Amino acid sequence: MRFNPKNRVNPVVVVSKQMALVRRHYEHLNCTVKGSILYCYGSYRPTEESDTYQYRIKYNPSSIPVVHVISPKIEYNDDIHMYPQDNSLCLYHKTDLEWDSTTNLHDTIIPWTHEWFVFYELYLLKGEWLHPFVSHGKDQKIVSPKKLN
């Protein structure tokens with residue numbers, strides 16, 4: 001049996017807790033654990049006129065959760081807040097949240113993913129991202145978009 005110092009977090013315990021919370025709050029998500037990584041698969045349809053978006057959350061307790069859209073395929077575009085390295089969704093700025101083992105997927109990443117799809121649908125209609133965001137450029141200032149007309 002291996003000894004874990006008190007200040008270290010057991011990734012299996014973290015993943016098990018996260019999976020239980022996700023299942024309790026989002027029964028429609030399909031979660032599975034491979035090694036010490038939690039994968040949650042879900043879908044979300046913002047409106048009756050919207051596409052249904054299939055997505056995957058990958059959570060390794062030693063890093064931040066990563067969300068990918070499985071379908072429909074969404075090409076990278078900095079205006080819609082995706083990371084160019086892997087087309088994962090940009091859901092928050094590090095000044096808003098520092099992820100750690102006590103942060104829960106069910107009350108952060110999952111609702112923020114659903115909200116991202118709402119703003120993506122608005123982007124398709126209006127041609128601009130309507131949610132306040134932190135610029136990805138050198139400036140990194142908070143940008144408040146124009147109000148809906």
Side-chain angles (χ1 to χ4, degrees), residues 9 11-149:
V9 177
V12 174
V13 171
V14 172
V15 164
S16 297
K17 174 189 166 207
Q18 292 292 337
M19 186 164 64
L21 287 168
V22 169
R23 285 182 171 166
R24 183 180 319 144
H25 294 278
Y26 294 93
E27 294 174 354
H28 69 282
L29 291 179
N30 180 15
C31 296
T32 185
V33 176
K34 294 179 184 170
S36 61
I37 298 175
L38 174 65
Y39 293 90
C40 294
Y41 297 86
S43 62
Y44 185 71
R45 187 174 184 198
T47 69
E48 288 184 15
E49 291 79 30
S50 301
D51 283 334
T52 298
Y53 296 93
Q54 306 289 326
Y55 62 92
R56 180 192 76 189
I57 300 169
K58 178 183 177 184
Y59 176 54
N60 180 342
S62 65
S63 63
I64 63 172
V66 177
V67 181
H68 286 99
V69 179
I70 298 169
S71 72
K73 184 169 175 58
I74 299 175
E75 295 293 330
Y76 168 77
N77 179 338
D78 192 48
D79 290 342
I80 59 172
H81 298 279
M82 296 173 80
Y83 292 107
Q85 311 89 304
D86 63 357
N87 283 8
S88 63
L89 304 186
C90 176
L91 299 174
Y92 65 94
H93 192 266
K94 61 185 175 186
T95 59
D96 293 333
L97 173 69
E98 264 188 59
W99 191 271
D100 65 28
S101 63
T102 64
T103 313
N104 295 314
L105 295 169
H106 80 278
D107 61 1
T108 57
I109 298 301
I110 296 170
W112 295 345
T113 298
H114 295 174
E115 182 180 56
W116 190 96
F117 291 128
V118 170
F119 282 99
Y120 179 68
E121 288 285 320
L122 290 169
Y123 172 81
L124 294 175
L125 292 171
K126 301 291 268 176
E128 66 179 302
W129 197 256
L130 296 173
H131 191 279
F133 61 92
V134 175
S135 170
H136 291 134
K138 293 179 186 176
D139 211 357
Q140 292 202 2
K141 62 183 178 191
I142 295 178
V143 177
S144 293
K146 300 173 204 159
K147 294 189 181 212
L148 288 171
N149 293 333

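No experiment lies behind these values; they were computed from the predicted model shown.
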Donor-acceptor contact below 3.5 Å, side chain Arg45 vs main chain Asp51: no
Side-chain donor/acceptor of Ser71 to backbone N/O of Lys73, under 3.5 Å: no
Looking only at heavy atoms, which two atoms of [X] and [Y] are closest? And how far apart?
| X | Y | value |
| --- | --- | --- |
| Gln18 | Asn104 | NE2-OD1, 3.2 Å |
| Ser43 | Tyr55 | N-CE2, 3.7 Å |
| Leu122 | Leu130 | CB-CD1, 3.9 Å |

Aromatic centroids of [Y] and [X] separated by under 6.0 Å:
| X | Y | value |
| --- | --- | --- |
| Phe117 | Tyr53 | yes |
| Phe119 | Trp112 | no |
| Trp129 | His81 | yes |

Around atom CD of Gln85, are there more than 12 heavy atoms of other residues, nucleotides or ligands at under 6.0 Å? yes
Counting only heavy atoms not in Lys58, do more than 12 fall under 6.0 Å of its NZ? no
Taking the side chain as C-beta and beyond, is there a heavy-atom pair between [X] and [Y] under 4.5 Å?
| X | Y | value |
| --- | --- | --- |
| Glu121 | Ser50 | yes |
| Tyr123 | Asp79 | yes |
| His106 | Arg23 | no |

Can Trp99 and Tyr59 be said to form a ring pair (Phe, Tyr, Trp, His ring centres under 6.0 Å), step by step? CA-CA 11 Å; Trp99 191 271; Tyr59 176 54; 5.8 Å; yes
Given Leu89, which partner from the list Val69, Ile74, Ile80 fulfils the side-chain contact (heavy atoms from CB on, under 4.5 Å) test? Val69
With side-chain contact (heavy atoms from CB on, under 4.5 Å) as the test, pick out the partner of Lys17 among Leu21, Val14, Val15. Leu21
Report the relative orientation of the aromatic rings in Trp116 and Tyr120; use parallel for angles under 30°, tilted for 30 to 60°, perpendicular for over 60°. parallel
